[in-house]
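Note that the coordinates shown come from a computational prediction; the quantities given were computed from them, not determined experimentally. Lettering of chains follows the sequences in order, A, B, ..., and the numbering in each one begins at 1.
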There are 2 protein chains.
Amino acid sequence: MSAHTLTKNQSLVLDALTHAEAPLSAYTILDKLRDHGFRAPLQVYRALEKLQEFGLVHRLESLNAFVACACREDHDHTHHHHGVTAFAICEDCGQVTEFHDAGMEERLAVLVKNQHFKTEKTTIEIRGHCQNCI
Amino acid sequence: MSAHTLTKNQSLVLDALTHAEAPLSAYTILDKLRDHGFRAPLQVYRALEKLQEFGLVHRLESLNAFVACACREDHDHTHHHHGVTAFAICEDCGQVTEFHDAGMEERLAVLVKNQHFKTEKTTIEIRGHCQNCI
DNA sequence: TAACTGAATGTAATGTTATTACATCAATTG
DNA sequence: CAATTGATGTAATAACATTACATTCAGTTA
């Protein structure tokens, strides 16, 4: 667990995501940050890349969008290395719930081991309707 | 389990995917089918949409690419309604292994139920290295 | 301090993936 | 036949992401 000093651009992007109520696309982030001097997509993508490395941001593959990692109420920029992260994505309100489950993780680990597969990254995304939108 | 009569375009797209060794992007499919009269992306996307409905094709969200469903050695165009499908994707050779596991499925079902979430579609994709490429 | 180094940044151009809009055609059915 | 429905064709555009190259900045070292 090492703390990171974020650059200006990284901080701006992380803030945008942290204050958002739903996942943001890279281009949406870009628009939000134009007033802060952002001009080009690459500024966003570069920041996002680092933030993902640090474990502070997740990419939602099924949405082409990004969210701030949920598990850091402390708001320091600690690099926490959690295992598999799963997401429940509400298709109505856009809300995303992040969750972790050791049992599921273990189950997946066994399955890939049986195939002699070496996991680098696992994506689990559940699309549907959240409690409020049912 | 109802059999589908595929249209010409749907058959062409499915064939392209079935004979491919790795996932294909929509535009790669388009290129492969130009000789068969395909001219525009929409011809591919429309066919893919139907084939996904029929359960004959899967979209890999983390690749923006498509694969033929593995579980139909019979090669009829039967609509099989399986539960959750997971994919192991080799980042070296591109090979994709499709698998199903009731235990994992059950585990996920419990987790979302605890959140009072109603699942529409579940994406599980494991990126890594396959047996041959380790 | 000056020169070097590596990381971060700025900018433009381009590549890749997906959708919208609109016209046409063919089969079915009331 | 008229109306409906589903599939198709085509063009244009939108949305997402990367490459290439020049520049700046902070920290280190000669």
Side-chain angles (χ1 to χ4, degrees), chain A residues 2-17 20 22-54 56-67 77 79 89 91 94 121 123 125 127, chain B residues 2 4-14 16-17 20 22-54 56-67 77 79 89 91 94 121 123 125 127:
Chain A
S2 58
H4 291 284
T5 307
L6 300 184
T7 67
K8 182 156 171 282
N9 285 2
Q10 288 162 14
S11 294
L12 287 167
V13 169
L14 182 56
D15 278 359
L17 287 172
L24 301 180
S25 76
Y27 278 76
T28 302
I29 295 171
L30 175 57
D31 286 340
K32 282 183 183 291
L33 296 180
R34 285 200 190 277
D35 293 345
H36 295 271
F38 275 48
R39 315 295 308 271
L42 198 47
Q43 293 175 288
V44 178
Y45 283 110
R46 284 204 273 231
L48 285 172
E49 185 179 12
K50 286 296 179 187
L51 291 168
Q52 285 175 267
E53 276 178 27
F54 300 159
L56 299 174
V57 161
H58 300 288
R59 174 186 168 81
L60 299 176
E61 301 288 352
S62 68
L63 293 179
N64 294 334
F66 304 83
V67 288
H77 299 139
H79 181 135
I89 302 167
E91 297 187 336
K121 182 171 189 297
T123 297
E125 297 178 17
R127 306 282 294 265
Chain B
S2 58
H4 292 284
T5 307
L6 300 185
T7 67
K8 183 157 172 281
N9 285 1
Q10 288 161 14
S11 294
L12 287 168
V13 169
L14 182 55
L17 286 173
L24 301 180
S25 75
Y27 279 76
T28 303
I29 296 171
L30 174 56
D31 285 340
K32 282 183 183 291
L33 295 181
R34 286 201 190 277
D35 294 345
H36 296 270
F38 275 49
R39 315 295 308 273
L42 197 47
Q43 294 175 286
V44 178
Y45 282 110
R46 285 203 273 232
L48 285 171
E49 185 179 12
K50 288 296 178 187
L51 292 168
Q52 286 175 266
E53 276 178 26
F54 300 159
L56 300 173
V57 161
H58 300 289
R59 174 186 169 80
L60 300 176
E61 302 288 353
S62 69
L63 292 179
N64 294 334
F66 303 84
V67 288
H77 299 140
H79 182 135
I89 303 167
E91 297 189 336
K121 183 174 189 294
T123 297
E125 297 178 18
R127 305 283 294 266

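- Partners of A/Glu49 under the side-chain contact (heavy atoms from CB on, under 4.5 Å) rule, at least two apart in sequence or in another chain, are A/Glu53.
- Dashed line: the shortest gap from a side-chain N or O of B/Lys50 to OP1 or OP2 of D/dA7 is under 4.0 Å.
- Of all the residues in residues 28-49 of chain B, B/Arg39, B/Ala40, B/Leu42, B/Gln43, B/Arg46 reach under 4.0 Å from DNA chain D with at least one non-hydrogen atom.
- Contact check of residues 57-67 of chain A against DNA chain D (heavy atom, cut-off under 4.0 Å) returns A/Arg59, A/Asn64.
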Check step by step if side chain to side chain contact (heavy atoms under 4.5 Å, CB included) holds for B/Leu51 and B/Phe66.
CA-CA 10 Å; B/Leu51 292 168; B/Phe66 303 84; over 6 Å; no

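- At most 12 non-hydrogen atoms from other residues, nucleotides or ligands lie less than 6.0 angstrom from NZ of A/Lys8.
- Formation of a donor-acceptor pair under 3.5 Å by the B/Glu125 side chain with backbone atoms of B/Ile89 is not found in this model.
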Derivation and outcome, side chain to side chain contact (heavy atoms under 4.5 Å, CB included), residues B/Asn9 and B/Leu33:
CA-CA 9 Å; B/Asn9 285 1; B/Leu33 295 181; over 6 Å; no

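- As rounded to whole Å, 10 Å separates atom P of D/dG9 from atom CG of B/Leu12.
- Separating the NZ atom of A/Lys8 from the P atom of D/dT24 is a distance of 16 Å, rounded to the nearest angstrom.
- A/Arg127 places a side-chain N or O within 3.5 Å of a backbone atom of A/Ser62 that can act as its donor or acceptor partner.
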Given side chain to side chain contact (heavy atoms under 4.5 Å, CB included), test A/Val13 with A/Phe38 step by step and report yes or no.
CA-CA 10 Å; A/Val13 169; A/Phe38 275 48; 4.0 Å; yes

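- Residue-to-nucleotide proximity on DNA chain D shows that, of B/Tyr27 and B/Thr7, the 5′-proximal contact is made by B/Thr7.
- One atom, CG of B/Leu6, and another, P of D/dG6, lie 17 Å apart when rounded to the nearest Å.
- Between A/Asn9 atom CG and D/dC25 atom P there is a gap of 13 Å when expressed in whole angstrom units.
- How far CG of A/Asn64 is from CZ of A/Arg59: 5.0 Å, rounded to the nearest 0.5 Å.
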